[in-house]
Structures are given as structure tokens and as C-alpha cells.
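To start, the structure under review is shown below, and the notes come after it.
In what follows, chains are A, B, ... by sequence order, proteins preceding strands, each numbered from 1.
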Amino acid sequence: MKTLIKVERAKRDMTQQDLAEAIGVSRQTINSIEADRYTPSTILALKISAFFKVTVNEIFILDDDD
Amino acid sequence: MENKLYKKTNKGFKVFPRIFKKIGVILVLGTVLLTVLFFVALSKNMLSSEGVHWVGLILVDLLIIGMLFFSLAAEKIEDERIEHIRLRVLSSSILFAVVFTIAMPFAELLVDKIWSGEKIHSLSPQQLIITALLWYNFMFFSLKRKQ
């Protein structure tokens with residue numbers, strides 16, 4: 001799954017730590033999601049998208065092999 | 001810091017409070033220190049054979065309790081990724097314990113055959129638990145870094 005969290009963070013000039021603190025997870029969790037090593041739960045995906053004020057589909061994009 | 005909605009809808013593992021990590025470390029280090037003192041007392045014949053048995057048993061139990069506290073204490077931020085890692089590590093620890101239980105007596109038999117030709121031994125519960133807890137911690141920290 002491709003994720004655009006990094007892009008959205010860059011638009012807002014945010015660090016992984018800022019985002020992690022805002023949604024209540026660790027910085028390593030954000031790093032793992034961005035690096036596609038961890039797939040977030042529905043709740044966490046919704047929280048991230050709500051934080052960036054975009055839809056889940058705009059920030060998480062399925063790959064062909066997903 | 002915790003995600004209340006996630007905790008409410010996903011009943012994760014019940015872990016000990018974070019302070020138990022420190023308690024676990026203190027117990028393990030204390031046990032190591034006491035073991036050194038135990039061997040010093042042993043070398044000076046200060047303990048009876050009954051005393052050696054009981055002190056040895058208590059030291060091993062203290063080590064197990066310390067390792068358990070350390071293993072199951074909450075992380076600084078206990079989020080869903082940590083719970084996911086715990087689940088993976090727990091299942092791998094069970095698999096490891098089963099393989100270890102089956103394979104170890106045969107490995108010991110092989111070694112004994114070479115050295116003394118003794119009969120097959122079974123594992124003690126303490127041996128198994130300590131090895132499984134070591135495996136759990138090794139896997140937990142390596143997955144926490146990698147995943």
C-alpha cells in the first residue's frame with residue numbers, strides 16, 4: 001500500500017514526531033507506516049486522514065498486488 | 001499516551017504498567033548479584049545441601065519473575081504497532097518453546113553420548129520458561145527496531 005503521509009506532512013512542514021504526538025502513536029509507528037513496513041488499523045488510518053483533512057483514499061493508495 | 005478509541009474497540013494484551021520494566025531490571029540484576037554471592041558461599045561451604053537446593057530454586061524463580069515483568073511491561077507509547085509486534089512475538093515464542101522442548105533432550109542426548117553416554121534428560125520448566133522469555137525479548141526488540 002502506497003501512502004502519502006510524507007507528502008501531506010511536507011505540505012504542512014511537520015515532522016513525524018509532530019504527527020505522532022497529534023494522533024497519539026509513537027514516531028516509529030509513523031515511520032513504519034510511511035516506509036510501508038506496517039499497515040495501520042482502520043481507526044488509525046481514519047485519524048491520520050482526519051488530521052490532514054483529506055479522505056482515507058487520498059492518503060492511502062492500494063497497490064496492484066494488495 | 002494512548003489511543004482511547006483503539007483501546008475501547010480492540011481489547012489488546014493486558015500488560016503491566018511501565019514501572020515494571022525497571023522492577024524487572026532490578027530483579028534480574030539483583031538475581032545476578034545474589035548468584036555471585038551464592039557461588040562465593042558455595043565455594044566456602046557455607047550452605048547445607050538442602051540450603052543449596054532452596055537458594056538455587058529461589059534465585060531461578062526471582063530471575064523468571066524479573067524477566068516476566070520486563071517482558072510484559074508497557075512501552076513508553078503502547079500503540080497498535082507495539083500490540084501487533086507483541087502478538088507476532090508471542091506466537092513465535094510459543095513455536096520456539098515447542099521446538100525447543102522437542103529438540104533439546106535429543107541435542108543433550110547427542111552431547112551426552114559423545115561425552116559420557118548418559119541417558120536422555122527432560123527439560124525443567126524453569127529452563128523452558130527462561131529460554132522462551134529470552135527468545136520473546138530478543139524477538140520483541142529486534143522487531144521493534146526493524147518493523
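With a 6.0 Å radius and a threshold of 12 heavy atoms from other residues, nucleotides or ligands, Arg145(B) has its CZ atom at or below the threshold. For Asp63(A), the CG atom is densely surrounded, since the number of other residues' heavy atoms within 6.0 Å is greater than 12. Atom NZ of Lys21(B) has more than 12 neighbouring heavy atoms from other residues, nucleotides or ligands inside a 6.0 Å radius.
Summarising the geometry, atom CZ belonging to Arg81(B) is positioned 4.0 Å from atom OG belonging to Ser32(A); distances are rounded to the nearest 0.5 Å. Distance CZ/Arg27(A) to CG/Asp79(B): 12.0 Å, rounded to 0.5 Å.
The part of Lys146(B) that comes within reach of chain A is its backbone (N, CA, C, O), which places non-hydrogen atoms under 4.5 angstrom from that chain.
Tracing side-chain contacts under 4.5 Å through hydrophobic residues (I, L, V, M, F, W, Y), one never reaches Met104(B) starting from Leu95(B); they form parts of separate clusters.
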